[in-house]
Amino acid sequence: MLRIAIQAKGRLNEDSSAMLRELGIDLDESKRKFLSQSANFPLELLYMRDDDIPAVVASGTASLGIVGFNEVVEKGYEVQVVERLGFGGCRISLAIPKAEDYDGPAWFEGKRIATSYPNILKQYLDRQLIHAKIEVITGSVEIAPAAGIADAIFDIVSSGGTLVSNGLKEVERVFESEAVLISSGRLTPDEQAVLDEMLFRLESARISRGKKYLLMNLPKASLDKALQILPAMRSPTILPLAEEGWCSLHSVVDTASLWEKVRQLKAIGAEGILVLDIDKIIL
Ligand code: ATP
Ligand code: MG
């Protein structure tokens with residue numbers, strides 16, 4: 001049994017659960033408790049505030065965690081980042097009142113900056129050789145300049161809308177974050193086997209994303225041309241059809257080039273083209 005800590009409520013909760021479900025791991029969400037077990041996979045879920053996840057993983061209370069990379073770096077606990085998960089994307093930026101002229105990071109010299117991320121901010125200021133006063137605030141950082149608590153803020157930005165509505169402008173993008181899978185780095189061989197299975201499933205879900213399964217009827221005379229249009233993973237599957245001179249061709253294509261390929265295939269006589277979603281690809 002492997003224990004994983006995920007956010008109980010908030011921006012990462014839904015995507016974390018969806019990711020586990022995509023791996024074929026059933027979660028008992030109706031009766032969600034602080035701690036719950038999957039019915040079909042040796043995984044135990046521990047629901048927590050995101051701030052606490054790096055600490056419970058570092059201490060080994062949970063062997064794994066899903067948390068924003070920002071929290072991992074800010075808290076500074078010793079944990080291993082096993083995978084970047086591709087959701088929960090955001091950045092932490094410096095923002096100042098929009099009427100201010102901004103001429104580079106030196107603007108911040110001697111200023112007061114409000115933030116919930118003092119450690120990440122301090123690392124940045126040290127790198128830039130800037131001395132500023134860091135005011136730690138845990139919520140509503142964006143109101144600090146208008147409230148006279150600070151001259152600037154260092155806060156999470158996703159679209160920038162909150163900044164604009166508080167009369168601020170983003171001037172430095174300091175830190176990029178997304179959700180990551182972290183590990184204590186001290187897994188037993190059994191726990192490691194469970195993690196390996198999760199990573200294997202994650203990889204096959206990732207490969208199948210952005211790909212479609214394509215099947216069509218094709219005049220046999222066009223087969224050579226079709227094979228040039230469709231470089232499949234090994235080679236396309238070709239099946240005979242009852243109708244003389246025709247075959248059925250199956251292949252996998254990147255979604256990005258799907259419509260271009262469909263146009264080329266129609267031009268060489270393909271008919272009855274079916275485009276199907278792929279659930280998993282296991283190489
Ligand atoms: P908790 O109650 O668990 O402490 P929280 O309020 O600290 O929750 P959320 O706002 O749910 O945290 O954000 C969780 C994580 O989602 C952030 O640490 C960050 O990694 C990521 N995230 C992505 N986009 C945003 C955003 N626009 N604002 C805040 N966090 C974001
Ligand atoms: Mg939090």
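Nothing fancy with the numbering, it's 1 onward along the sequence. One-based numbering, in listed order, for ligands and for the atoms of each. Note that the structure is predicted; figures quoted are calculated from it, not measured.
Cys90 SG, 3.7 Å is the protein heavy atom nearest to atom 22 (N) of ligand 1. The nearest protein atom to atom 18 (O) of ligand 1, hydrogens excluded, is given as Asn70 ND2, 3.0 Å; this is a heavy-atom distance. Closest to atom 10 (O) of ligand 1 among all protein heavy atoms lies Arg11 NH1, 2.8 Å. Looking at atom 27 (N) of ligand 1, its nearest protein heavy atom turns out to be Ser158 OG, 2.7 Å. Counting only heavy atoms of the protein, atom 2 (O) of ligand 1 lies nearest to Arg49 NE, 3.3 Å. The protein atom (non-hydrogen) at minimum distance from atom 23 (C) of ligand 1 is Gly88 O, 3.5 Å.
In terms of distance to the Mg ion (ligand 2), the nearest N, O or S atom of Asp50 is named OD1. Looking only at its N/O/S atoms, Asp51 has OD1 as the one nearest to the Mg ion (ligand 2).
For the atom pair CD1 (Ile96) and NZ (Lys111), the distance works out to 8.0 Å, reported to the nearest 0.5 Å.
A pairwise comparison of heavy atoms in Ser208 and Asp279 identifies OG-O, 3.2 Å as the closest pair. Taking both residues in full, the closest heavy atoms of Ile281 and Lys211 are given as CD1-CD, 4.1 Å, listed atom of the first, atom of the second, then distance. What you find for Ala152 and Phe108 is that their closest heavy atoms are CB-CE2, 3.6 Å. Of all heavy-atom pairs spanning His131 and Glu109, the tightest one is N-OE1, 3.1 Å.
Using a 4.0 Å cut-off between charged side-chain N and carboxylate O, Glu135 and Arg112 make no salt bridge.
Residue contacts with ligand 1, taken as heavy atom pairs separated by less than 4.0 Å, involve Gln7 solely via side-chain atoms from C-beta onward. Both the backbone and the side chain of Asp50 come within contact range of ligand 1, each with a heavy atom under 4.0 Å. Under 4.0 Å from ligand 1, not a single heavy atom of Glu178 appears.
Shown here, atom 6 (O) of ligand 1 is out of close reach of the protein: none of its heavy atoms lies under 4.0 Å off.
If you number the atoms of ligand 1 from 1 as listed, the ones under 4.0 Å from a heavy atom of Leu12 come out as 15 (C), 16 (O). Close approach of ligand 1 to Gly89 is summarised as follows: ligand atoms under 4.0 Å from at least one heavy atom of the residue are 23 (C), 24 (N). Residue-ligand proximity, Gly10 to ligand 1, at heavy-atom distances under 4.0 Å covers atoms 11 (O). With ligand atoms numbered from 1 in the order given, ligand 1 contributes 20 (O) to contacts under 4.0 Å with heavy atoms of Gly68. Listed by atom number, the atoms of ligand 1 under 4.0 Å from Lys9 heavy atoms are 3 (O).
No heavy atom of Ser159 sits closer than 4.0 Å to any atom of ligand 1.
Each of Leu45, Leu35, Leu43, Leu64 was scored for a side-chain contact (heavy atoms from CB on, under 4.5 Å) with Arg3, with one residue passing: Leu35.
Separation of the Phe69 and Phe175 ring centroids falls under the 6.0 Å cut-off.
Donor-acceptor pairing under 3.5 Å is lacking for the side chains of Gln123 and Asn119. Side chain to side chain, Glu170 and Ser93 meet the donor-acceptor criterion of an N or O pair below 3.5 Å.
Applying the 6.0 Å contact sphere to OH of Tyr102 captures more than 12 heavy atoms from other residues, nucleotides or ligands.
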